[in-house]
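The basis for the numbers below is simple: all heavy atoms, side chains too, and nothing from hydrogens, waters or symmetry mates.
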Amino acid sequence: MTTPIKPINLFEYETLAKQHLSQMALDYYASGSWDEITLRDNRAAFERYKLCPRMLVDVSQRDLSTKILGQTLPLPILIAPMAFQCLAHPEGEIATAKAAAKLGSTMILSTLATKSIEEVASASQNPNYQLPITNYQLWFQLYVHRDRGLTKALVERAYKAGYQALCLTVDAPVLGKRERDTRNQFVLPPGMELANLTTVSDLEITYKPGESGLFAYFLEQLNPGLTWKDLEWVQSLSPLPLVVKGILRGDDAVRAVECGAKAIIVSNHGGRQLDSAIASIDALSQIVAAVGDKADILVDGGIRRGTDILKALALGAKAVLLGRPILWGLAVGGEAGVQHVIELLRAELDLAMALSGCAKLQDIDSSLVIRLSIN
């Protein structure tokens with residue numbers, strides 16, 4: 001019998017994942033809002049940046065480590081917060097957490113996870129590390145609900161469970177219109193639940209005919225009145241450092257730092273919120289320039305190759321967040337699939353650094369990239 005060949009890049013994982021997912025799950029994961037202009041541009045934007053490699057540099061040894069929130073991590077790849085991972089695999093977020101911990105790729109757990117805060121924290125402990133990792137991090141992503149008591153309880157649970165940072169999503173006062181979900185009348189299948197919200201009976205996802213259940217959930221439960229002054233309240237809930245996710249403007253980035261953010265994630269929510277919003281990678285430089293060294297800057301959206309990571313680092317990011325490819329790996333191979341996706345990107349980044357004359361991440365700077373003009 002012929003042994004199946006593993007996917008050799010993230011695009012192949014995406015193709016294979018389609019064989020493992022229901023149409024509703026595939027559309028939920030893959031879709032963007034409205035005409036999906038931003039979704040497509042997140043990927044296309046990387047192709048507008050070209051690399052200018054250095055030659056005759058000793059790259060016989062490479063170091064991919066970076067420092068985020070004062071902790072040294074073995075590679076500049078974090079796993080973005082993504083809801084409903086049990087749609088891809090029965091172990092869902094637990095499988096993702098185990099793979100992340102083995103490789104030192106910090107995972108950010110979504111409020112809307114299908115495994116609980118405590119389950120994921122437990123799963124990420126002592127996972128037979130393949131690298132000498134001492135500072136693996138687990139962060140918790142927060143949506144602020146109308147019920148502030150519920151929001152407070154979520155943060156307290158994350159802190160008690162040992163999460164090392166609180167990641168506040170600020171680009172979703174309401175949910176973007178994802179027409180694929182509307183067409184499918186997206187709802188979690190029977191037996192699957194919002195694992196962190198089960199104690200509140202009215203937080204089950206329900207939908208009206210012709211409507212996405214997730215859209216209804218955001219409309220009914222999340223707080224669209226969140227403003228900058230609320231960041232002080234969020235920070236008061238725990239000693240955890242605050243990470244603000246969903247910034248696309250330099251002035252907003254400065255305001256976030258003034259309000260106490262220790263890190264900023266440049267993000268357009270994977271093209272799932274405001275369609276025609278700027279690609280994350282195109283917003284990165286102005287935010288780095290505005291913030292300087294006052295906060296760690298990270299970026300997500302459209303990253304599929306090691307060269308994409310190299311470009312993001314050259315433009316000033318400390319690290320990148322990986323979203324959909326993690327789900328494709330999870331769907332294809334569970335924990336092993338997620339681990340392989342991260343390993344592929346790590347190997348690609350290592351090779352790209354060697355070919356660009358960069359022995360360590362600190363050697364990567366803006367001189368390595370140019371942006372082509374759009375005709």
Interatomic distance, CD@Glu93 vs CG@Leu112, rounded to 0.5 Å, equals 10.0 Å
task = Evaluate whether atom CZ of Arg54 has more than 12 neighbouring non-hydrogen atoms of other residues, nucleotides or ligands under 6.0 angstrom away.
result = yes
(message) If you apply the rule side-chain contact (heavy atoms from CB on, under 4.5 Å), what do you find for Thr111 with Phe140, and how did you get there?
(response) CA-CA 7 Å; Thr111 292; Phe140 180 66; 3.6 Å; yes
- Task: Return yes if a side-chain donor-acceptor contact under 3.5 Å exists between Thr151 and Arg146, otherwise no.
- Result: no
- Query: Are Asp230 and Arg148 close enough, and set up right, to give a salt bridge (charged side-chain N to carboxylate O under 4.0 Å, His left out), and what steps lead you there?
  - Reply: CA-CA 11 Å; Asp230 295 306; Arg148 290 209 164 192; 2.7 Å; yes
*Is a side-chain donor or acceptor of Asp58 paired with a backbone partner of Ser60 at a separation under 3.5 angstrom?*
yes
Would you say the side-chain atoms of His145 pair up with the backbone N or O of Asp147, donor to acceptor, closer than 3.5 Å? no
- Task: Could you tell me how the ring of His269 sits relative to the ring of Tyr143: parallel (under 30°), tilted (30 to 60°) or perpendicular (over 60°)?
- Result: parallel
(message) Test your reading of the model: is there a side-chain donor-acceptor pair from Ser267 to the backbone of Lys245, 3.5 Å cut-off?
(response) no
Open item on the list: Can a side-chain donor-acceptor contact be found between Gln273 and Arg178 if the only test is distance below 3.5 angstrom?
Closed with: yes
Rounded to the nearest 0.5 Å, the CG atom of Leu75 sits from the CG atom of Leu349 at a distance of 8.0 Å
Asp282/Arg48 salt bridge by N-O under 4.0 Å criterion: yes
_Just by distance, no angles: are the side chains of Gln339 and Glu343 close enough, under 3.5 Å, to form a donor-acceptor pair?_
yes
Of all heavy-atom pairs linking Val291 and Ala253, the shortest is CG2-CB, 3.5 Å
Between the side chains of Thr169 and Gln141, is a donor N or O closer than 3.5 angstrom to an acceptor N or O? yes
With a 4.5 Å limit on heavy-atom distance, are the side chains of Arg249 and Asp251 in contact?
yes
Distance col, row Ser110:OG vs Ile79:CD1, nearest 0.5 angstrom, shows 13.5 Å
**Asked** Would Ser116 and Asn196 count as having a side-chain donor-acceptor pair, cut-off 3.5 Å?
**Response** no
Scanning both residues in full, the closest heavy-atom pair of Ile68 with Ala319 reads CD1-CB, 4.1 Å
May I ask you to decide if Leu78's main-chain N or O and Thr106's side chain share a donor-acceptor pair within less than 3.5 Å? no
Report task. Check the side chains of Glu193 and Thr114 for a donor-acceptor pair under 3.5 angstrom, ignoring hydrogens and angles. Result -> no
Would you indicate whether the side-chain heavy atoms of Val243 and Lys262 approach each other to under 4.5 Å?
no
dist Leu284:CG -> Leu248:CG (nearest 0.5 Å) comes out at 10.5 Å
Scanning both residues in full, the closest heavy-atom pair of Pro53 with Leu368 reads CA-CD2, 4.3 Å
Quiz item: Counting only N and O atoms by type, is there a donor-acceptor contact under 3.5 Å from the side chain of Ser238 to the main-chain atoms of Tyr159?
Solution: no
**Asked** Side chains of Trp34 and Glu36: do they bring a donor and an acceptor to under 3.5 Å?
**Response** no
*Tyr28 vs Phe84 aromatic rings, parallel, tilted or perpendicular, using cut-offs 30° and 60°?*
tilted
Do the side chains of Arg324 and Glu14 get close enough for a salt bridge, i.e. N-O under 4.0 angstrom?
no
Are Val266 and Ile247 close enough, and set up right, to give a side-chain contact (heavy atoms from CB on, under 4.5 Å), and what steps lead you there?
CA-CA 5 Å; Val266 181; Ile247 299 295; 5.6 Å; no
Should Asp296 and Lys67 be marked as a salt bridge (charged side-chain N to carboxylate O under 4.0 Å, His left out) after you check the CA-CA gap, both sets of side-chain angles, and the distance that decides it? CA-CA 9 Å; Asp296 293 333; Lys67 185 172 285 189; over 6 Å; no
Determine, step by step, whether Leu16 and Trp328 satisfy the side-chain contact (heavy atoms from CB on, under 4.5 Å) criterion, reporting the C-alpha distance in whole Å, the side-chain angles of both residues, the deciding distance to 0.1 Å, and the verdict. CA-CA 8 Å; Leu16 282 177; Trp328 308 145; over 6 Å; no
Check whether any side-chain N or O of Ser122 sits under 3.5 Å from a backbone N or O of Glu119 as a donor-acceptor pair, and report yes or no.
no
query: Going by an N to O cut-off under 4.0 Å, is there a salt bridge joining Lys152 and Glu156?
result: yes
Could you tell me whether Asp308 and Arg43 have a side-chain N and a carboxylate O separated by less than 4.0 Å?
yes
query: For Lys318, does the NZ atom sit with more than 12 other heavy atoms under 6.0 Å from it, leaving out its own atoms?
result: yes
Problem set entry | Side-chain donor or acceptor of Gln185 paired with backbone N/O of Thr182 under 3.5 Å | no
Applying side-chain contact (heavy atoms from CB on, under 4.5 Å), run through Leu197 and Leu154 and close with a yes or a no. CA-CA 9 Å; Leu197 303 168; Leu154 287 168; 4.2 Å; yes
State whether the side chain of Asp350 and the backbone N or O of Arg346 hold a donor-acceptor pair below 3.5 Å, judged by distance alone.
no
When rounded to the nearest 0.5 Å, the distance separating CD of Gln164 from CD of Gln137 is 5.5 Å
Item to complete: Using modelled atom types only, decide if a donor and an acceptor are shared between the side chain of Asp275 and the backbone of Ile37 within a distance under 3.5 Å.
Response: yes
| query | Do side-chain atoms of Tyr163 reach the backbone of Val155 as a donor and acceptor pair under 3.5 angstrom? | reply | no
One should read off an interatomic distance between Leu168 CG and Cys259 SG, to the nearest 0.5 angstrom, of 11.0 Å
Scanning both residues in full, the closest heavy-atom pair of Leu345 with Gly306 reads CD2-N, 3.6 Å
Closest non-hydrogen atoms of Ala352 and Thr307, given as atom of the first, atom of the second and distance, are CB-CG2, 4.0 Å
Margin query: Measuring only between side-chain heavy atoms, which start at C-beta, is Ser356 closer than 4.5 Å to Leu310?
Written below: yes
Side chains of Asn42 and Asn268: is there a donor and an acceptor less than 3.5 Å apart?
-> yes
Checklist entry - Between Asp63 and Lys360, is there a salt bridge with N-O shorter than 4.0 Å? => result no
Scanning both residues in full, the closest heavy-atom pair of Ala295 with Val257 reads CB-CG2, 3.8 Å
